[in-house]
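We use all heavy atoms of the structure for the numbers below, so side chains are in, but hydrogens, waters and symmetry mates are not.
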Amino acid sequence: MSEHPIFDRAKGFVALPVEVLELDLTPGAFRLLVELCRMANADGFCWPSLDQLSDRLGRSKSAISGYIKDLRAADLVTTTEQKTANGYNYRLKYQVTFWKDWRASLTGKVVQKNERSVQQDERLRESKKQSHLNQLTPAAVCVLDKLLDDWAACFRGAPYPTVARFPSADTLSNSEYTVNAMSGDLAISADIISALRTTWRKLRVATDEHALTEQAKHLVKAGYSQANLEQLLSHVEKTWEAHWRRPPSDEQFAKLVKAAKVVTDQQKKILLKSHLKRWELAQKTLQKSPRSDCLGATKLSASFAAG
């Protein structure tokens, strides 16, 4: 008699409103909705391609298009066409319409329209070349670490820019999705300020809001997100002397951050982007350039052997 399945909770879960089960959706449309919720960020947006959705659901692209139409008709999902620089359609941008409010309700937070975590003068304006700090959950951090491990295995022992083995379709699609979600302006998170405030109170150090905001700005510039903050604050608590009552100066705080030696999620995403770039260069060295380890892998393996 077989044992029941064992699931890894580190990979996360999808929590849906019970009312969704009462809607008149086909099994395929419901499965697609769950998949979009799984990939959606805090605001309900995601950018999967039809190929990616087809692979995940095991259905044809035409069937996926039909499911998308059903979800749009039910007002559960909206889509926006994204175009390349030369004007060609690239892929759809999806938004699960109820996702932002639903996530907020699970944590007891009330979402207000045009809500801002800080005042306008506390927002960091950066150039378009800089990246957005996504607030990653522990499960998302595990996925990011796994992607980096997968790429390291692909490149291990191979001279730049070639690869030792081909990345899987999931590694490619998930990496592209993560990198595409990096664009935007950097903004201070209210959660970061709150965590800093709690730490200084625990250490009995009096700080004002201006000092907390400046510290948060430094962390954002250093690439910190809420997911990385616990490591840093744990380091601060361990190294802070009990008789120190004054808050650190900007220079002292910068030294504390540097001494913590935390590898931020933003730094990991930048590394992930460089791996994708190397994969593009590796494909150019081959006669044919596959996007996954399926189908043409055998022929390309022969190309490597010949080279």
Side-chain angles (χ1 to χ4, degrees), residues 9-12 41-42 103-104 106-109 115-127 130-149 152 178 181-182 184-274:
R9 68 176 183 178
K11 294 183 178 180
N41 61 17
R103 280 174 56 104
L106 295 178
T107 57
K109 297 180 181 179
E115 180 182 12
R116 294 182 301 176
S117 59
V118 292
Q119 296 298 321
Q120 186 66 26
D121 60 350
E122 294 176 348
R123 182 171 293 274
L124 297 181
R125 296 297 183 182
E126 302 292 344
S127 68
Q130 292 180 309
S131 304
H132 175 65
L133 285 178
N134 295 311
Q135 301 301 319
L136 298 180
T137 63
V141 173
C142 290
V143 171
L144 182 55
D145 289 339
K146 183 180 184 304
L147 287 174
L148 292 175
D149 289 342
T178 301
M182 289 171 59
D185 289 342
L186 294 173
I188 300 173
S189 166
D191 292 334
I192 292 180
I193 294 178
S194 176
L196 286 168
R197 184 187 297 111
T198 299
T199 298
W200 293 127
R201 284 178 179 173
K202 185 186 299 185
L203 296 172
R204 299 181 180 179
V205 176
T207 55
D208 56 30
E209 291 302 310
H210 175 73
L212 292 173
T213 300
E214 290 303 310
Q215 291 173 6
K217 286 182 179 179
H218 180 85
L219 294 181
V220 170
K221 288 181 180 179
Y224 274 81
S225 67
Q226 186 66 26
N228 309 126
L229 200 55
E230 185 176 346
Q231 292 176 265
L232 171 65
L233 296 183
S234 176
H235 170 79
V236 171
E237 291 180 16
K238 290 178 181 178
T239 58
W240 194 261
E241 297 291 345
H243 63 277
W244 293 347
R245 288 290 178 264
R246 292 185 178 181
S249 64
D250 292 344
E251 183 178 355
Q252 290 170 335
F253 186 74
K255 288 181 178 180
L256 281 172
V257 174
K258 185 176 180 180
K261 297 180 179 180
V262 176
V263 180
T264 67
D265 300 326
Q266 189 67 8
Q267 292 170 326
K268 293 178 182 179
K269 289 180 181 179
I270 292 173
L271 179 58
L272 189 62
K273 187 175 183 179
S274 70

Ignoring hydrogens, what is the shortest heavy-atom contact between [X] and [Y]? Give both atom names and the distance.
X: L196; Y: A216; value: CD1-N, 3.9 Å
X: L229; Y: A195; value: CD2-CB, 3.4 Å
X: R103; Y: A42; value: NE-CA, 3.6 Å
X: D250; Y: E214; value: OD1-CB, 4.4 Å

Quick check for you: to the nearest 0.5 Å, what is the distance between [X] atom [atom1] and [Y] atom [atom2]?
X: E230; Y: L232; atom1: CD; atom2: CG; result: 11.0 Å
X: K269; Y: L148; atom1: NZ; atom2: CG; result: 11.5 Å
X: I270; Y: K273; atom1: CD1; atom2: NZ; result: 8.5 Å
X: R246; Y: T207; atom1: CZ; atom2: OG1; result: 14.5 Å

Under 4.5 Å between any side-chain heavy atoms of [X] and [Y], yes or no?
X: F253; Y: L219; result: yes
X: S194; Y: R197; result: yes
X: L212; Y: I192; result: no
X: L203; Y: V236; result: yes
X: K255; Y: E251; result: yes

For W240, give me all partners under side-chain hydrogen bond (donor to acceptor under 3.5 Å, both in side chains), at least two apart in sequence or on another chain. none
Report yes or no: does T213 contribute a side-chain atom to a donor-acceptor pair with the main-chain N or O of E209 at less than 3.5 Å? yes
Does atom CD (E241) have a neighbourhood of more than 12 heavy atoms from anything else shown, all under 6.0 Å? yes
Within the supplied structure, the quantity of interest is the number of heavy atoms (other residues, nucleotides, ligands) at a distance under 6.0 Å from R245 CZ; does it exceed 12? yes
Verify whether one side chain among W200 and Q215 offers a donor that lies under 3.5 Å from an acceptor in the other. yes
